[in-house]
Amino acid sequence: MIRPVEPKDIDDLLTRSRALCGLRLGELARRLNILPPPSTIRGKGWTGQLLERALGAQAGSASQPDFSHLSVELKTLPIAADGLPKESTYVCIAPLLPGPEARFETSCVARKLSRVLWFPVEAGPTVLTDRRLGRAVLWTPSSGQWQRIRTDFDELVELIMTGGVEHITAHIGEVMQIRPKAANAAARAKALGPNGAPILTNPRGFYLRPGFTAEIVGARVR
DNA sequence: AGCTGATCATAT
DNA sequence: ATATGATCAGCT
């Protein structure tokens, strides 16, 4: 295995994914001739990018699902020693101005979450290269899950589109929240201000809460 | 101990 | 600056 091509269909993708179950990240990186980062703090997105390579996803920062021809988004999910997701999961950038992205049906949230291949990965104190891959789960939201996602989306986007972006905190939302998503707190993006006038604010992103992703992958509780 | 706000790397 | 991939780390 050096640089796999795109999987031809969903079954192909799942077969490849299952073949990686139990593998340590260091071994996978070695097979792909990819160097591990010096530390997790300097390699926050490394695990996800490693899996993209391993499964033949299209690299790049296009606003498309990782496997666009299959409409499948790939997400790694860090699992702590207790079997539960350790972190929230970034979904996409939150719209700060009116437009198609502000309506749920045509939002990045709907596009990204319609089909997700969740890849559990050991997290915690172990060194990055010793972490093992888990069993991948292909997920499409149930009607109830869509409903909960949409309720949070609508509440959050309504706040933004009425000029209340500065009032948003990560406390809002049952399964999905909005948090800063930027290089740092000084980054600015154009948004709708309180009086309909444009303002500059820190860019935000949608994140799925750990409790929700635990439900999705059927994380064990001990 | 969990969560929110902040941050790190890479590509376009 | 905007998008992708995420985890860090201080505060409650």
Side-chain angles (χ1 to χ4, degrees), chain A residues 25 28-29 32 34-68 72-97 99-101 107-109 111-113 116-129 131 133 152 156 159 165-191 198-214 219 221-222:
Chain A
L25 299 186
L28 181 56
L32 296 171
I34 293 173
L35 289 177
S39 67
T40 49
I41 188 171
R42 308 292 265 181
K44 291 183 180 180
W46 183 77
T47 303
Q49 289 160 355
L50 180 67
L51 262 296
E52 288 183 349
R53 295 270 206 171
L55 296 173
Q58 302 302 310
S61 57
S63 187
Q64 294 286 321
D66 297 293
F67 302 97
S68 52
V72 171
E73 173 72 13
L74 175 66
K75 290 289 182 196
T76 60
L77 189 62
I79 303 294
D82 63 3
L84 296 174
K86 187 185 178 188
E87 297 283 352
S88 57
T89 299
Y90 171 68
V91 180
C92 60
I93 287 290
L96 299 181
L97 296 170
E101 290 291 330
S107 68
C108 61
V109 172
R111 287 198 304 279
K112 290 292 178 70
L113 298 186
V116 179
L117 183 66
W118 294 96
F119 225 121
V121 184
E122 275 184 347
T126 48
V127 285
L128 191 55
T129 50
R131 296 178 182 181
L133 294 166
D152 291 340
L156 290 161
L159 246 175
V165 63
E166 304 284 26
H167 296 310
I168 288 184
T169 80
H171 297 279
I172 305 174
E174 185 221 337
V175 300
M176 190 173 70
Q177 62 189 167
I178 283 182
R179 303 214 307 275
K181 173 61 176 174
N184 54 58
R188 304 282 84 174
K190 200 165 136 185
I199 62 168
L200 292 177
T201 190
N202 196 221
R204 320 294 168 102
F206 290 107
Y207 295 81
L208 296 180
R209 295 183 183 276
F212 189 52
T213 52
V221 182
R222 46 171 295 179

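Lettering of chains follows the sequences in order, A, B, ..., and the numbering in each one begins at 1. What you see is a predicted model; the values in this text were computed from it and never measured.
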> Which letter, B, S or -, goes with each nucleotide of nucleotides 7-12 of chain C from 5' to 3', with contact meaning a protein heavy atom under 4.0 Å?
Replying inline: BBS---

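One donor-acceptor pair, N or O on each side, does fall under 3.5 Å between the base of dG5(C) and the side chain of K181(A).
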Which atom pairs, donor and acceptor, lie under 3.5 Å between side-chain atoms of residues 37-50 of chain A and protein residues at least two apart or in another chain?
residue	atom	partner	partner atom	Å
S39(A)	OG	R42(A)	N	3.3
W46(A)	NE1	L35(A)	O	3.4

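Evaluation of the side-chain contact (heavy atoms from CB on, under 4.5 Å) rule for A170(A) yields Q177(A), R179(A) as partners, not counting sequence neighbours. Remark: A191(A) engages L96(A), V165(A), I199(A), T201(A) in a side-chain contact (heavy atoms from CB on, under 4.5 Å) (not counting sequence neighbours). For Y207(A), the ring pair (Phe, Tyr, Trp, His ring centres under 6.0 Å) partners are Y90(A), not counting sequence neighbours. Checked against ring pair (Phe, Tyr, Trp, His ring centres under 6.0 Å), F119(A) has no partners two or more places apart in sequence or in another chain. Under the side-chain contact (heavy atoms from CB on, under 4.5 Å) criterion, E87(A) pairs with P78(A), not counting sequence neighbours. Under the rule for a side-chain contact (heavy atoms from CB on, under 4.5 Å), the partners of I79(A) that lie at least two apart in sequence or sit in another chain are L77(A), P85(A), P120(A).
Atom CG in L51(A) sits about 15 Å away from atom C1' in dT4(C), given to the nearest Å. We find that CD of Q64(A) is positioned 15 Å from P of dT12(B), with the value rounded to whole Å.
Side chain of T213(A) to main chain of P210(A): a donor-acceptor pair is present (N/O by atom type, distance under 3.5 Å, no hydrogens or angles).
Note on A189(A): only backbone sugar-phosphate atoms sit closer than 4.0 angstrom, heavy atoms only; bases stay farther off.
Rounded to 10 degrees, the angle between the two end axes of the helix from dA1(B)-dT12(C) to dT12(B)-dA1(C) is 30°, with five pairs used at each end.
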